[in-house]
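Scroll down for the structure; my scribbles are underneath it.
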Amino acid sequence: MSDLLANLNAEQLAAVTLPDEPALILAGAGSGKTRVLTTRIAWLIQNGRVSPAGLLAVTFTNKAAKEMMTRLTSMLPINTRGMWIGTFHGLCNRMLRAHYRDAGLPQTFAILDSQDQLSALKRLLKSLNVDDEKYPAKNLQYFINNAKEQGLRPADVEANDDFNRRFVDLYAAYDVQCQREGVVDFAELLLRCYELLRYNDAIRQHYQHRFRHVLVDEFQDTNVLQYQWLKLLAGFGTQNPAAVFAVGDDDQSIYAFRGANVGNMRDFEHEFRVRHMIKLEQNYRSHGHILDSANHLIAHNARRLGKNLRTDAGHGEPVRVFQAGSDGQEASWLVEEIRDLIAQGMSRSEIAILYRSNAQSRVIEHALFSSGIAYRVYGGLRFFERAEVKHALAYLQLLENPRNDAAFGRVVNFPTRGIGARSLEALQDAARQYDCSLAEAVAYVPGKAGSSLGAFVRLIEQMRAETRRMTLPETVEYVTNTSGLITHYRGEKEGQDRIENLQELVTAAQAFVMEEGFGLDALASAIPVGRDGAQAVPALADGDQAQQVLDPEALPVVMTPLVAFLTHASLEAGDNQAQAGQDAVQMMTVHAAKGLEFNAVFITGLEEGLFPHENSAMEADGLEEERRLMYVAITRARERLYLSFAQSRVLHGQMRYHVRSRFFEELPETSLKWLQPPAQAYGGSPRRQQNESGWGRDWFKKPEDVPYSGTKPTGGMDTGNGYADAKRQAGSGLRIGQNVFHNKFGEGVITALEGEGADARANIKFKRHGAKWLALAVAKLDPID
């Protein structure tokens, strides 16, 4: 026991050893909350306070759940595989698989990710002849998911006008379609599970009695329905509720646009009559100047539970601030600073560039590319979201459930097999007329269309028959070949990458069966549920039914390896966290940076209207959310923090002129170091006051204090720095028509010159790489006589 609690600070120790009652842990950034959570679980089990089966822990990402399981495995001499630790969606899926009958679902129900859900809604609108310009599928998707996240079925949604009433009707039709096809979307997973607990007394009481300890990570990110689900599971309102151990940070609640309700933390404290609220304020990540900046900034938010981060690591480097005349100048400065950091021995992957809007990334990417610095845009398409992988998964879904119309519609004519839009319309009409799935409706489509559709159905039946005795990896490989996907991509100009992704899908299946304990030699027919669905959970005698149904561990396995793998793929596709890549500078939005940390962090575009975002002025508590977002950005940095802003920036195809963000006025002057004096602005002389920190705060003192007037410059590229005629030599000694050599692109000829000083650039037509614009401040060009 002493080893388990060793090296915990006083706050962490108090949290880990709390009594068995509801508690709220305010865990500041970098305060070791994951360690507290896992140690709390291990301490409860080791101390005999709860068995591994009597505990449930909720995380917000699969990555966090796996990390928690890994840590527990190293801390406890027990098998943690059967423990209920996972995301909200993962745990709800597990519960619904065990009680699919009570939940009104087929045994092998499929999960629709966001793209599949959107496709299903488009099919619905088309089948009902709905004007998709007046009622866009994406708007309908948002409407439905928002209603579900509030726990509302169509009958519960209040419609104030004809437009919303139509959305409610479409929501109801969508529910019917999903039920007929045996599919659920992500929001439905949680809502269906909530309804299962709410309306089935026996099941609810079973889980309330079983899970006496419920631990929740990132509590500030829970939405209305997730909190209601937790209350049901924990037995809120009963005489003996579970000990809910809620860990979160209201200062890092930044997902209001996804439905997160930061007020859940205050509600939890009040409703569960929390006697123990412990603040984890000791930070193990950042140096003092960084934490002082974060503390001063967030103190301007009025509605917070309150805490103050501290560190024993010393003040460290001051926060560096740079103001640029344009976004191009800002990008050039970024490149130079990153080069210096790399030269000092810092790895590229420990350097992050953060921005409020994705639109900001293009200029920075171009500067990094031109300078030859490897970079990665974090949060791009993940493996299971790639088109070729989704096509293969759709074929696999049809092996298990031929009534899955979303999967059927995705691949019925991919690769193309002569099934056009009219054929699909005839098929959908038949399905609607006979109230059946698209696959079943094929029998009612006459002529050539029916013949082509019938060939596709026979292909699926053939693959189902052939793979019946195959292992999961063999099944995946067979389907990717027999479906024609491999052949199709071989014919594409850049199809090799897609083929490699399909081959990687086979590898993913191999890893999955090993990790989940199926074994590479496990056959689908060895699982109690066959692919044709004929073998189901045996009927239970009346006297045995309640006990057996209410104990999922007592039930036989009800998923084939393929169903389990498809479920895994859907849940992974819905996970908000991307995996780490190669050694490259990391670029991402501030939202994507949540949960990450880096040695050096650049926060760019700190301008009014950009960060804080202009929309925040029109939203309730919008500015406080933006300030929390800035707080998250600051606390990503361990050693170095850089802040930058530009007077002018090209966004959405337009030149915009900005003043610096109001957040600068909320940072401590003693922690800032201004790297250089501000550049001359157009039509005005900015006030300057130099102090011991560099160029002082009088410059751009207030957001409304705009230090320029007049119009934007003309001639050359409009970047806000007054580019002169394009033929100017830009003070570089280069000239148009001159031959030059670049280490990466080889020989080329200068066709245009623009700008001057740090913003000078040249357009060069390279022999092998075509025309490229290069910043002369960073591109090393050798003239060729």
Side-chain angles (χ1 to χ4, degrees), residues 319-341 351-371 373 375 377 585-590 593 600-613 630 633-634 637 640-661 663-664 672-682 686 694-695 699-700 706-708 712-713 716-723 754-761 773-779:
V319 177
R320 291 163 167 80
V321 182
F322 179 79
Q323 75 88 13
S326 69
D327 50 357
Q329 189 183 81
E330 180 187 46
S332 297
W333 167 76
L334 278 169
V335 166
E336 289 304 316
E337 290 294 334
I338 290 171
R339 277 180 166 168
D340 288 345
L341 292 173
I351 302 172
I353 302 173
L354 309 185
Y355 36 84
R356 177 64 179 85
S357 168
N358 273 313
Q360 296 170 243
S361 71
R362 184 192 62 81
V363 175
I364 301 173
E365 286 189 64
H366 181 72
L368 291 171
F369 175 78
S370 298
S371 64
I373 297 177
Y375 71 92
V377 179
V585 173
Q586 306 292 298
M587 295 180 58
M588 67 196 76
T589 64
V590 181
V601 170
F602 293 81
I603 307 176
T604 63
L606 282 167
E607 301 137 29
E608 284 294 306
L610 190 56
F611 201 179
H613 197 276
M630 181 64 179
I634 290 174
R640 295 279 191 95
L641 177 62
Y642 299 80
L643 311 178
S644 65
F645 59 99
Q647 290 175 281
S648 63
R649 184 178 302 276
V650 180
L651 283 175
H652 311 301
Q654 296 180 340
M655 174 63 69
R656 297 187 179 185
Y657 298 88
H658 295 121
V659 295
R660 72 181 190 185
S661 171
F663 292 152
F664 282 105
L672 303 183
K673 177 182 179 181
W674 294 77
L675 296 183
Q676 68 173 36
Q680 175 73 29
Y682 296 117
W695 286 93
W699 192 80
F700 281 170
V706 183
Y708 59 81
K712 61 185 179 181
M717 179 183 176
D718 182 6
T719 65
N721 274 343
Y723 279 94
E754 290 184 354
E756 55 187 334
D759 284 331
R761 69 174 194 160
W773 281 101
L774 299 182
L776 298 183
V778 294

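All values derive from a computational prediction rather than experimental measurement. Throughout, residue positions are numbered sequentially from 1 according to the sequence presented.
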> Under the 3.5 angstrom rule, does the side chain of Q329 hit a backbone N or O of A646 as a donor-acceptor pair?
Replying inline: no
> Can you tell me how far the OG atom of S644 sits from the CD1 atom of I603, to the nearest 0.5 Å?
Replying inline: 9.0 Å
> For the atom pair CZ (R320) and CZ (R640), what is the distance rounded to the nearest 0.5 Å?
Replying inline: 4.0 Å
> CD of E607 to OG of S661: how many Å apart, nearest 0.5 Å?
Replying inline: 9.0 Å
> What is the minimum heavy-atom distance between A324 and E330, and which atoms define it?
Replying inline: CB-N, 3.6 Å
> Is any side-chain heavy atom of Y642 closer than 4.5 Å to a side-chain heavy atom of L341?
Replying inline: yes
> How about F645 and V321: do any of their side-chain heavy atoms sit closer than 4.5 Å?
Replying inline: yes
> When rounded to the nearest 0.5 angstrom, what is the spacing between CG in L334 and CZ in F322?
Replying inline: 8.5 Å
>> Within the 4.5 Å heavy-atom criterion, are I353 and L368 side-chain neighbours or not?
In response: yes
>> Given 3.5 Å as the limit, does a donor-acceptor pair link the side chain of T604 with the main chain of L354, or not?
In response: yes
>> Would you call the rings of W333 and F602 parallel, tilted or perpendicular, taking 30° and 60° as the class edges?
In response: perpendicular
> Between atom CE of M587 and atom CD1 of I364, what is the distance when rounded to the nearest 0.5 Å?
Replying inline: 5.0 Å
> If you measure from CG on L643 to CG on L606, what distance do you get to the nearest 0.5 Å?
Replying inline: 5.5 Å
